[in-house]
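Worksheet for the structure shown next.
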Amino acid sequence: QVQLVESGGGLVQAGGSLRLSCETSGRTFKSYSMGWFRQAPGKEREFVAAVNWSGRVTNYADSVKGRFTISRDNAKNTMYLQMNSLKPEDTAVYYCAATEKSYSGSLQGLYDYWGQGTQVTVSS
């Protein structure tokens, strides 16, 4: 069973930065593609970013391109989301997800494992 644990959320002013981490249990982390999703109050969960097993292929939602950077450290079984120039509309619970499939895209149904989420709040 794969477990994903997010950390790094918090309260930040608009224009600020946060770095989220997703630590994954298991010895096969480097074989998973990983993704970040978010859910704002009253809205459906949406795709934010994804990265393939090697870290060389990334994919971003248009709303975060140029501001967020996804990365991973396979030696530490950890994925990251560096969030810069944060906006109030980035306020949401952020979830990390993993898939054993060769897929690094936005379709939530293709991800096999999910974390519990971490709250990010951006004040104006």
Side-chain angles (χ1 to χ4, degrees):
Q1 182 71 15
V2 176
Q3 291 187 325
L4 309 177
V5 180
E6 302 95 337
S7 62
L11 174 64
V12 64
Q13 289 188 333
S17 298
L18 282 174
R19 188 176 82 155
L20 305 183
S21 299
C22 174
E23 187 170 354
T24 304
S25 64
R27 295 176 293 177
T28 58
F29 172 78
K30 64 180 180 182
S31 67
Y32 299 142
S33 291
M34 305 287 293
W36 286 100
F37 294 79
R38 66 187 182 186
Q39 187 168 19
K43 296 187 177 181
E44 294 186 352
R45 190 164 58 187
E46 65 177 6
F47 170 73
V48 175
V51 61
N52 79 328
W53 69 272
S54 70
R56 296 191 183 97
V57 178
T58 58
N59 187 16
Y60 294 93
D62 288 342
S63 59
V64 306
K65 279 181 182 177
R67 300 189 299 122
F68 291 10
T69 302
I70 190 170
S71 62
R72 64 190 295 162
D73 185 337
N74 287 344
K76 296 182 178 180
N77 284 6
T78 303
M79 174 182 65
Y80 304 98
L81 185 68
Q82 178 65 45
M83 305 186 295
N84 297 330
S85 302
L86 282 161
K87 304 175 181 180
E89 51 264 44
D90 294 318
T91 295
V93 176
Y94 283 71
Y95 299 90
C96 68
T99 177
E100 298 173 341
K101 309 171 187 65
S102 179
Y103 177 75
S104 51
S106 61
L107 297 179
Q108 299 183 44
L110 296 184
Y111 287 84
D112 304 303
Y113 309 102
W114 292 83
Q116 294 299 307
T118 185
Q119 176 71 47
V120 171
T121 303
V122 184
S123 63
S124 57

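- Crowding of K30 atom NZ: a count of heavy atoms from other residues, nucleotides or ligands under 6.0 Å not exceeding 12.
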### Message
For a side-chain hydrogen bond (donor to acceptor under 3.5 Å, both in side chains) check, start with the C-alpha distance between Q116 and Y95, then their side-chain angles and the critical distance, and finish with the verdict.
### Response
CA-CA 7 Å; Q116 294 299 307; Y95 299 90; over 6 Å; no
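- A single hydrophobic cluster is seen to contain both V51 and V2, as judged by linkage of ILVMFWY side chains at heavy-atom distances under 4.5 Å, directly or through other members.
- For the atom pair CD (Q13) and OG1 (T121), the distance works out to 13.0 Å, reported to the nearest 0.5 Å.
- In this structure a side-chain-to-backbone donor-acceptor pair under 3.5 Å is present from R72 to F29.
- For the atom pair OG1 of T24 and CG of N74, the computed distance is 9.5 Å after rounding to the nearest 0.5 Å.
- Atom OG of S17 sits about 6.0 Å away from atom CG of L86, to the nearest 0.5 Å.
- Salt bridge D90/K87: absent, no basic N to carboxylate O contact under 4.0 Å.
- Within the 4.5 Å cutoff, no side-chain heavy atoms of V48 are placed close to those of Y60.
- Of all heavy-atom pairs spanning A50 and Y111, the tightest one is CB-OH, 3.5 Å.
- Ring geometry, F37 versus W114: the interplanar angle falls from 30° to 60°, so the pair is classed tilted.
- Taking each heavy atom of L4 and C22 in turn, the nearest pair found is CB-SG, 4.0 Å.
- Put simply, CE on M34 and OG1 on T78 are 9.0 Å apart, with the number rounded to the nearest 0.5 Å.
- Side-chain contact check for S31 versus W53: every heavy-atom pair is 4.5 Å or farther apart.
- When all heavy atoms of S104 and V57 are compared, the closest pair comes out as OG-CG1, 4.0 Å.
- Side chain of N52 to backbone of R56: a donor-acceptor contact under 3.5 angstrom is found.
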#### Entry: Chi angles and distances behind the side chain to side chain contact (heavy atoms under 4.5 Å, CB included) call for W36, I70
CA-CA 8 Å; W36 286 100; I70 190 170; 3.6 Å; yes
### Task
Step by step, work out the side chain to side chain contact (heavy atoms under 4.5 Å, CB included) result for N59 and F47.
CA-CA 10 Å; N59 187 16; F47 170 73; 3.9 Å; yes
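- Inter-residue side-chain proximity for R45 and Q108 is flagged as met; some heavy-atom pair is nearer than 4.5 Å.
- With respect to T118, the side chain to side chain contact (heavy atoms under 4.5 Å, CB included) criterion is satisfied by exactly one of V5, V93, L20: L20.
- A distance of 7.0 Å separates CZ in R67 from OG in S85, rounded to the nearest 0.5 Å.
- Shortest non-hydrogen contact noted between L81 and A49 is CD1-CB, 4.3 Å.
- Smallest separation of non-hydrogen atoms from G8 and L18: O-CD2, 3.8 Å.
- With hydrophobic clusters built from ILVMFWY side chains whose heavy atoms lie under 4.5 angstrom apart, V122 shares a cluster with V64.
- Among the candidates Q39, E6, R38, Q119, the single residue satisfying the side-chain hydrogen bond (donor to acceptor under 3.5 Å, both in side chains) test with Y94 is R38.
- Rounded to the nearest 0.5 angstrom, S102 OG and Y32 OH are separated by 14.5 Å.
- For E23, the CD atom sits in a loose shell: 12 or fewer heavy atoms of surrounding residues, nucleotides or ligands are nearer than 6.0 Å.
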### Message
Walk me through whether T99 and D112 qualify under side-chain hydrogen bond (donor to acceptor under 3.5 Å, both in side chains).
### Response
CA-CA 5 Å; T99 177; D112 304 303; 3.3 Å; yes
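- Two residues are said to be in side-chain contact when any heavy atoms from C-beta on lie closer than 4.5 Å; M79 and C96 meet this criterion.
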